[in-house]
Amino acid sequence: MHRPGSTSSTSSREEVDYALDKAALSRPGDPYYWMGRTFVSFAILCEYRDVPKTTTTTTTTTGQRGRLVASGTTALHHASRNPQCSRRMVRNLFCIYQRLDVHYVDMYGSTHFHVACQYGLHDIVKVFLAFGRDPNQVARLTDDLPLSLAWWNDRIKTGRLLQLHGADSNLAALRTKEVAKAQQEQGTALVYQEMTAQEKSEIPRFPPLPLDHAGYVKAQEWFQHKRTQIRPWTLFVNTNNFRLPLSIPRMYSRVLKNIEYFQSNYFFIFIGLFVYCLITSPLLLLALALLLGSCYKVSQIHARGELILLNRKLKLARVYAAIVIVSLPIFYLVGASAALFWVLGVSCFLITLHAASYNIDSVLCPGEDELNLVMHEQV
């Protein structure tokens, strides 16, 4: 492995690039999966950095000097089309492909900027925009927009950043609806005629978005999606993986990794505490039943077209808002605020305790955990 600035043969770099591509395309269960993750971490420790191959300088229509362009598919492009490639792996690959001023373009017109928006890497997207990257840049063959990729993958913070820098919301919403329609009609997450059948199979499948409410998923579909993301509970409570962190920074990093990996498990822990609180508070349960019953009755009246007041047809959302506002004093009287703070407090305590003490590195990268331990002892 060569450090930046050192001379290295073309063949050795091609071998490293091939190993990075394999790591980006591997999935849990593949023989190369854990080895690939460990190789990427080892490459970062050895300060291996990608050197763009053939670069050309583009020139804008005004005659000003544009950005550098490197043609070819990189490991980041492969990772963006791997449905099981984690956000952490993509961030690690960006540690190797640090030339954010270079315009890496693959055969479909997708760039590293699109990948950063797809995975919601907010800090990296900021740097791309600082280098003058166009927030409305369209991939040549897939017609993907940075904002539509952020919305499609629920990267709200990244989407707001792109909007602040001039991303066209109407164009992105139209593209999101087109993708959702293609998914509902053909049963695939994304349909690109220019892709091969194998590449289409590597595209992640998400719950279908309703076309009349593009931008968020129905509650039932979202709940089902969360259920599919639950990690095995035997792994979640495995006592062999509980270990005190070596330092405060590592504890902070561990908490973030655990929340990302076990987010569905933590969500259902919160739901369980909430249900327990309702069962032990009959008045609160009765108030909630009255609220839901009122909303259901109003929805039936609206379906019959009879939701009219003073010869004016009322909007269903406004009626729901009025019911919630009227119910707030009732919930306050039955102790909803105390119950809510109890559920939030206990949930935060249990989740933080588990996330801080659970050694997620022993699950994700077994080899990396021992490597970090050796480095800590040397320091």
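For clarity, every value in this text was computed on a predicted model and none was experimentally measured.
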Candidate pair Asp123 and Phe94, rule side chain to side chain contact (heavy atoms under 4.5 Å, CB included), full reasoning: CA-CA 11 Å; Asp123 51 339; Phe94 267 111; over 6 Å; no
Restricting to side-chain hydrogen bond (donor to acceptor under 3.5 Å, both in side chains), what partner residues turn up for [X], sequence neighbours left out?
X	result
Asp50	Tyr104
Thr158	none
His354	Tyr266
Arg160	none

Pairs flagged by side-chain hydrogen bond (donor to acceptor under 3.5 Å, both in side chains) wherever residues 333-353 is involved - sequence neighbours left out: none
Polar contact flag, side-chain donor to acceptor under 3.5 angstrom, His77-Ser80: no
Could you tell me whether the side chains of Glu14 and Tyr18 share a donor-acceptor contact shorter than 3.5 Å? no
Could you work out, with side chain to side chain contact (heavy atoms under 4.5 Å, CB included) as the rule, every residue matching [X], not counting sequence neighbours?
X	result
Lys157	His122
Asn240	Asn238
Phe349	Leu353

Nearest heavy atoms of Phe113 and Asp134, plus distance in Å: CE2-O, 3.4 Å
Would you mind writing out the side-chain donor-acceptor pairs for residues 274-293 within the sub-3.5 Å range, not counting sequence neighbours?
| unit_1 | atom_1 | unit_2 | atom_2 | d |
| --- | --- | --- | --- | --- |
| Thr280 | OG1 | Tyr276 | O | 2.9 |
| Thr280 | OG1 | Cys277 | O | 3.1 |
| Ser281 | OG | Cys277 | O | 3.1 |

Other than Tyr252, what residues sit in its cluster of Ile, Leu, Val, Met, Phe, Trp and Tyr side chains whose heavy atoms are under 4.5 Å apart, directly or through others? Leu256
Tell me which donor-acceptor pairs under 3.5 Å the side chains of residues 314-326 have, and how far apart each pair is, sequence neighbours excluded?
none

In sequence, state the C-alpha distance, the side-chain angles, and the governing distance for Leu100 and His112, and then conclude on side chain to side chain contact (heavy atoms under 4.5 Å, CB included). CA-CA 8 Å; Leu100 303 186; His112 287 184; 5.8 Å; no
Side chain to side chain contact (heavy atoms under 4.5 Å, CB included) evaluation trace for Met35 with Lys22: CA-CA 10 Å; Met35 187 184 301; Lys22 289 278 290 182; over 6 Å; no
Quick one, His103 and Thr111 - any side-chain contact, counting heavy atoms below 4.5 Å? yes
Applied to residues 105-119, the salt bridge (Lys or Arg N to Asp or Glu O under 4.0 Å) test, sequence neighbours excluded, yields Arg81-Asp106
Test the Arg231-Tyr261 pair against the cation-pi criterion, namely NZ or CZ under 6.0 angstrom from the six-membered ring centroid and within 45° of the ring axis. yes
